[in-house]
Number of protein chains: 2
Amino acid sequence: MPDDKSYTCQVRALHEDAVEAARSSSLPDDEVFELARLFTVLGDPTRTRILRALRSGELCVCDVSHVLGMSISSVSHQLRVLREHNLVKARRDGKIVFYTLADPHVLDLHETALEHVRE
Amino acid sequence: MPDDKSYTCQVRALHEDAVEAARSSSLPDDEVFELARLFTVLGDPTRTRILRALRSGELCVCDVSHVLGMSISSVSHQLRVLREHNLVKARRDGKIVFYTLADPHVLDLHETALEHVRE
DNA sequence: TTAACACTTGAACAATTGCTCAAATGTTCA
DNA sequence: TGAACATTTGAGCAATTGTTCAAGTGTTAA
């Protein structure tokens with residue numbers, strides 16, 4: 001962090017108390033990254049649609065593909081991302097793999113976010 | 001949507017009722033995109049840090065830059081994104097622009113998401 | 001064993017994104 | 001007015017991401 005003009009403003013404009021207050025209440029780095037990563041996972045329209053589809057109960061990959069009108073492969077890739085972040089759970093029954101929401105809490109995030117989106 | 005093997009599974013594996021249920025409870029497209037867009041905006045570590053920093057009160061761009069240890073330019077770019085999605089508000093006082101959280105609801109999203117992240 | 005099939009995976013490609021750098025704005029004050 | 005300075009903005013570049021295509025895995029049943 002070079003201390004030149006292009007990088008920071010002149011010292012006299014700083015509000016040191018406010019900066020210190022913000023610093024001391026900040027999240028640990030790893031939590032910041034995990035938090036951001038979770039939102040990133042939620043922040044893809046395809047994955048959003050998959051989570052919404054699973055609200056009504058378990059679906060196999062093929063079902064999800066039909067609901068979304070997208071290829072099996074694409075859906076499977078995204079289900080993997082959701083699985084890796086513990087947002088959905090997989091259960092194999094013979095040739096078919098069924099997916100369910102791992103944690104209904106995720107839908108709380110949708111609800112709160114929808115309130116913001118709808119103003 | 002071509003109806004060939006590479007695209008969909010064979011019909012007999014489909015669970016039509018489940019597919020229909022999922023379809024009928026799905027969100028309108030524009031809400032899906034807005035929802036996903038909001039999460040995408042929340043899903044960047046820099047923006048996450050900025051929102052956390054603003055929890056303790058208003059900060060000028062320079063303050064935020066110091067709290068995060070990032071360039072003024074970079075912070076200003078991200079503040080713009082947050083502003084455009086109504087997550088922060090700007091107020092100019094002379095040469096200085098102060099930013100505040102536009103809507104404390106956003107922090108609810110952080111709390112719920114942190115619970116998920118912390119298991 | 002072999003064929004069929006639901007699903008997964010890896011590589012490749014285009015599109016998006018966050019940062020840096022340089023230049024432009026907007027405001028204050030001498 | 002002109003200099004100083006906080007902030008914004010645009011272009012450029014590297015890194016990340018979502019989709020497709022093709023090949024691979026795992027399971028069932030003939």
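Throughout, protein chains are lettered first and strands after them, A, B, ... in sequence-line order, and every chain is numbered starting at 1. Predicted model, so just to flag it, every value in this text is computed and none were measured.
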S.K.: Does Asp17(A) have more than 12 heavy atoms from other residues, nucleotides or ligands lying within 6.0 Å of its CG?
M.R.: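 Result for CG/Asp17(A): open.
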S.K.: Where the side chain of Ser73(B) is defined as all heavy atoms beyond and including C-beta, which of dT9(D), dT8(D), dT8(C) is the nearest nucleotide?
M.R.: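 Nucleotide nearest to Ser73(B)'s side chain: dT9(D).
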S.K.: With a cut-off of less than 4.0 Å, is there a side-chain N or O of Arg80(A) near OP1 or OP2 of dC7(C)?
M.R.: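 No, outside the criterion.
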S.K.: Going only through I, L, V, M, F, W and Y residues with side-chain contacts under 4.5 Å, is there a path from Phe33(A) to Leu109(A)?
M.R.: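 Phe33(A) does not cluster with Leu109(A).
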S.K.: In whole Å, what is the span from the CZ atom of Phe98(A) to the P atom of dG26(D)?
M.R.: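 The answer, rounded to whole Å, is 20 Å.
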S.K.: Can you tell me how far C1' of dT27(D) sits from CD1 of Ile96(A), to the nearest Å?
M.R.: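 Interatomic distance, CD1 of Ile96(A) to C1' of dT27(D): 11 Å.
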S.K.: Please walk me through it: do Arg118(A) and Glu31(B) pass side chain to side chain contact (heavy atoms under 4.5 Å, CB included)?
M.R.: CA-CA 8 Å; Arg118(A) 290 164 174 159; Glu31(B) 285 196 331; 2.7 Å; yes
S.K.: Thr46(B) near the nucleic acid: base, sugar-phosphate alone, or nothing, with a heavy-atom cut-off under 4.0 Å?
M.R.: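 Sugar-phosphate contact only.
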S.K.: According to the 5.5 Å centroid and 30° plane-angle thresholds, does His77(A) stack upon the nucleobase of dT19(D)?
M.R.: no
S.K.: Using whole Å, report how far CG of Leu42(B) lies from P of dG18(C).
M.R.: 12 Å
S.K.: What is the distance, to the nearest angstrom, from the CZ atom on Phe33(A) to the C1' atom on dT16(D)?
M.R.: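 To the nearest whole Å, that distance equals 14 Å.
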S.K.: Between the side-chain atoms of Ser71(B) and the base atoms of dC19(C), is any donor-acceptor pair under 3.5 Å?
M.R.: no
S.K.: Which word best sums up how the rings of His15(A) and Phe98(B) line up, parallel for under 30°, tilted for 30 to 60°, or perpendicular for over 60°?
M.R.: tilted
S.K.: Categorize Arg91(A) for me: base, sugar-phosphate, or nothing, with a 4.0 angstrom heavy-atom threshold over every strand shown.
M.R.: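 Touches nothing.
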S.K.: How long is the line joining CD1 of Ile72(B) and P of dC5(D), in whole Å?
M.R.: 13 Å
S.K.: Take Arg92(A) and Gln78(A), find for each the nucleotide of DNA chain D with the closest heavy atom, and name the residue whose nucleotide sits nearer the 5' end.
M.R.: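 Here Gln78(A) is the residue nearer the 5' end.
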S.K.: Closer than 4.0 Å, any side-chain N/O of Arg37(A) to the OP1 or OP2 of dT17(D)?
M.R.: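 Arg37(A) to dT17(D) OP1/OP2: side-chain N or O found under 4.0 Å.
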S.K.: Can you check the Leu82(A) CG to dT8(C) P distance for me, whole Å?
M.R.: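 The answer, rounded to whole Å, is 12 Å.
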S.K.: Let me know which of Leu101(A), Leu107(A), Asp108(A) forms a side-chain contact (heavy atoms from CB on, under 4.5 Å) with His105(A).
M.R.: Asp108(A)
S.K.: So Tyr99(A), base contact, sugar-phosphate only, or nothing? Heavy-atom distance under 4.0 Å.
M.R.: sugar-phosphate
S.K.: Let me know the distance between CE of Met70(A) and C1' of dC7(C), rounded to the nearest Å.
M.R.: 16 Å
S.K.: In whole angstrom, what separates Lys95(A)'s NZ from dA4(C)'s P?
M.R.: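 Value for this atom pair: 11 Å.
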